[in-house]
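Keep in mind that the numbers below use all heavy atoms, side chains included, and drop hydrogens, waters and symmetry copies.
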Amino acid sequence: MGELRPLGEDLTQESRALALALRELFEGLGVSVRRYAARHRRDPGTFSRYLNGTRLPPWEVIMGIMTDLAEHRGTTVTAEAIELIRGLHGSAFDSSASPMHAAEIIERQLADADHVSRRSTVRGDVLGDALLERQNRIANLEVRLNQMEAILTHEREHAAQLTADHPDVSELLGEREVLRQEVTRLGGELQAAHAQRDAAEARCDLLERQLAAVEHPAALPAAPPLRLPKVLVVDDQPDNLLALTAVLETLDQDLVTVSSGRDALKALLDHEDFAVIIMDVQMPGMDGYETAAHIKRRPRTRDVPIIFLTAMGIDPEHTARGYAAGAVDYISKPFDPWALRAKVAVFTEIHLERRVDS
């Protein structure tokens with residue numbers, strides 16, 4: 001794992017060209033794959049596949065290599081170098097887009113969601129045991145307090161001392177209060193763990209439907225000819241809006257495109273029946289997180305699912321912030337058209353099911 005693996009077999013011409021360029025950049029760093037991956041807290045196996053062309057790296061990984069190389073040489077990354085590599089990256093992405101590649105993307109998301117579900121389930125079990133132990137201790141204290149009250153009541157000469165000022169009673173009452181505070185805290189943490197587990201389980205169900213949509217796209221029901229469900233697309237870059245429109249126009253939906261968070265909020269007021277919102281995270285002014293928070297605060301729009309489109313990669317920090325803002329799904333730039341169509345198709349299918357039920 002320390003050295004570069006040979007280039008992958010059966011690579012497209014575009015993937016091979018990108019891999020060769022990245023290998024040339026990486027070799028200039030003078031470190032092993034394992035050491036570089038550890039430096040950036042990445043999996044060395046995955047990073048090795050980036051460099052042998054068998055997996056397309058996210059753009060931020062490529063920029064990281066270029067930035068590190070410039071720092072190592074004491075130079076700066078030129079605009080020409082960035083555009084050259086960006087062109088190779090875009091060409092490699094276009095040539096690798098396929099149902100198989102889309103399934104791989106969604107399967108990784110499914111694995112992440114399953115990990116969160118299992119981790120929150122284990123945490124819930126631990127918290128549940130701790131909560132039960134505190135509740136049992138409180139119950140035992142209640143018994144001791146009741147026994148002490150009975151003894152003092154029967155001893156007339158000490159009856160007047162049956163107050164919280166009694167040293168024994170005071171100590172037990174203090175211990176009970178501390179335990180009650182712990183029960184309140186643990187109960188809140190347990191509720192949060194259960195909510196995290198339920199949200200992760202919902203994502204797992206959604207991602208499994210998306211995988212089925214990638215594998216069997218013809219099985220998705222067509223939307224009815226009247227009242228086509230709307231899809232709101234939000235991105236401040238005109239080229240991105242054109243690309244998203246080109247990918248999604250093959251589906252039976254009414255696309256509404258806007259270029260800012262404020263325009264997105266206005267579109268949601270002017271139109272109804274949105275099945276899903278696809279929103280860029282990084283936008284000037286009101287970014288995707290802030291826009292999503294506004295959408296979720298409105299009773300009329302808070303149930304519309306949001307897919308965040310991000311060039312920052314999908315990592316725990318960004319996904320946690322996105323889910324907190326109200327997103328239900330993520331897809332990285334440059335986006336895989338098959339994966340995006342599958343995600344939008346499934347949200348549309350769910351929207352139509354709810355329309356029928358109502």
Side-chain angles (χ1 to χ4, degrees), residues 37-47 58 60-61 103-142 174-212 276 279 281 287-290 292-293 295-297 302-310 312-332 339 343 346-347 350:
R39 180 183 300 174
H40 291 276
R41 300 184 182 278
R42 295 185 179 276
D43 174 63
T46 300
F47 195 82
E60 72 272 10
V61 171
E104 181 182 342
I105 292 172
I106 298 173
E107 283 172 353
R108 289 201 301 269
Q109 292 182 314
L110 178 60
D112 291 340
D114 178 69
H115 175 71
V116 172
S117 176
R118 289 184 289 109
R119 185 180 60 191
S120 56
T121 297
V122 171
R123 176 165 173 74
D125 291 342
V126 172
L127 289 169
D129 290 343
L131 182 61
L132 181 60
E133 188 268 341
R134 266 62 164 190
Q135 290 171 334
N136 287 337
R137 286 171 60 184
I138 289 175
N140 290 334
L141 284 174
E142 296 285 0
E175 184 178 352
R176 184 179 66 180
E177 179 60 26
V178 170
L179 288 172
R180 283 177 173 174
Q181 292 175 4
E182 290 186 13
V183 165
T184 300
R185 175 182 60 80
L186 290 169
E189 292 181 7
L190 179 61
Q191 186 176 9
H194 285 167
Q196 186 181 50
R197 178 202 61 201
D198 293 344
E201 281 295 309
R203 289 198 296 274
C204 286
D205 292 340
L206 186 63
L207 290 162
E208 289 192 88
R209 290 184 68 163
Q210 292 172 8
L211 278 172
V276 63
M279 185 153 51
V281 171
D287 66 11
Y289 297 126
E290 186 179 356
I295 292 171
K296 293 303 175 181
R297 281 197 291 265
R302 63 187 175 196
D303 294 328
V304 182
I306 299 173
I307 301 174
F308 271 155
L309 192 62
T310 174
M312 297 180 291
I314 300 176
D315 60 46
E317 179 182 352
H318 294 307
T319 55
R321 185 180 177 189
Y323 293 140
V328 296
D329 208 344
Y330 266 90
I331 192 164
S332 292
K343 289 177 181 293
V346 167
F347 281 115
I350 293 171

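Closest heavy-atom contact between I331 and A339: CD1-CB, 4.0 Å. Minimum heavy-atom separation, R180 to E142: NH2-OE2, 3.2 Å. Among all heavy-atom pairs drawn from I306 and M279, the shortest one is CG2-CE, 3.9 Å. The two residues A113 and R203 come nearest to each other via the heavy atoms CB-CB, 4.2 Å. Nearest heavy-atom pair across F47 and A37 is CB-CB, 4.4 Å.
Residues L110 and Q210 have side chains not in contact (no heavy-atom distance under 4.5 Å, counting atoms from C-beta outward). Residues D329 and Q109 form a side-chain contact, since some pair of their non-hydrogen atoms from C-beta on lies under 4.5 Å apart.
The salt bridge (charged side-chain N to carboxylate O under 4.0 Å, His left out) check on E201 picks up nothing, with sequence neighbours excluded. Qualifying salt bridge (charged side-chain N to carboxylate O under 4.0 Å, His left out) partners for D43, counting only residues two or more places apart in sequence or in other chains: none. Partners of E290 under the side-chain contact (heavy atoms from CB on, under 4.5 Å) rule, at least two apart in sequence or in another chain, are M286, D287, H294. Here R39 pairs with nothing under the salt bridge (charged side-chain N to carboxylate O under 4.0 Å, His left out) rule; sequence neighbours left out. Take T121 and apply the side-chain contact (heavy atoms from CB on, under 4.5 Å) test, not counting sequence neighbours, and it matches S117, D125, R197. Residues satisfying the side-chain contact (heavy atoms from CB on, under 4.5 Å) test with R41, not counting sequence neighbours, are none. Residues passing the side-chain contact (heavy atoms from CB on, under 4.5 Å) test with V328, sequence neighbours excluded: P305, F347. Every residue meeting the side-chain hydrogen bond (donor to acceptor under 3.5 Å, both in side chains) condition with Q181, not counting sequence neighbours, appears here in chain and number order: E177.
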Indicate every side-chain donor-acceptor pair of residues 188-196 with a distance under 3.5 Å to a residue at least two apart or in another chain.
unit_1	atom_1	unit_2	atom_2	d
E189	OE1	R123	NH2	3.3
E189	OE2	R185	NH1	3.3

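Here the CD1-CG distance, from I105 to L211, works out to 11.0 Å after rounding to the nearest 0.5 Å. The CZ atom of R108 sits 9.0 Å away from the CG atom of D112 when rounded to the nearest 0.5 Å. Taken from CG in L186 to CG in L132, the straight-line distance is 11.0 Å, to the nearest 0.5 Å. For the atom pair CG of N136 and CG of L141, the computed distance is 11.0 Å after rounding to the nearest 0.5 Å.
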Query - Worked check of side-chain contact (heavy atoms from CB on, under 4.5 Å) between L207 and E107 - result: CA-CA 8 Å; L207 290 162; E107 283 172 353; over 6 Å; no
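Ion pairing between a basic and an acidic side chain is recognised when a charged N comes within 4.0 Å of a carboxylate O; D114 and R118 show such pairing.
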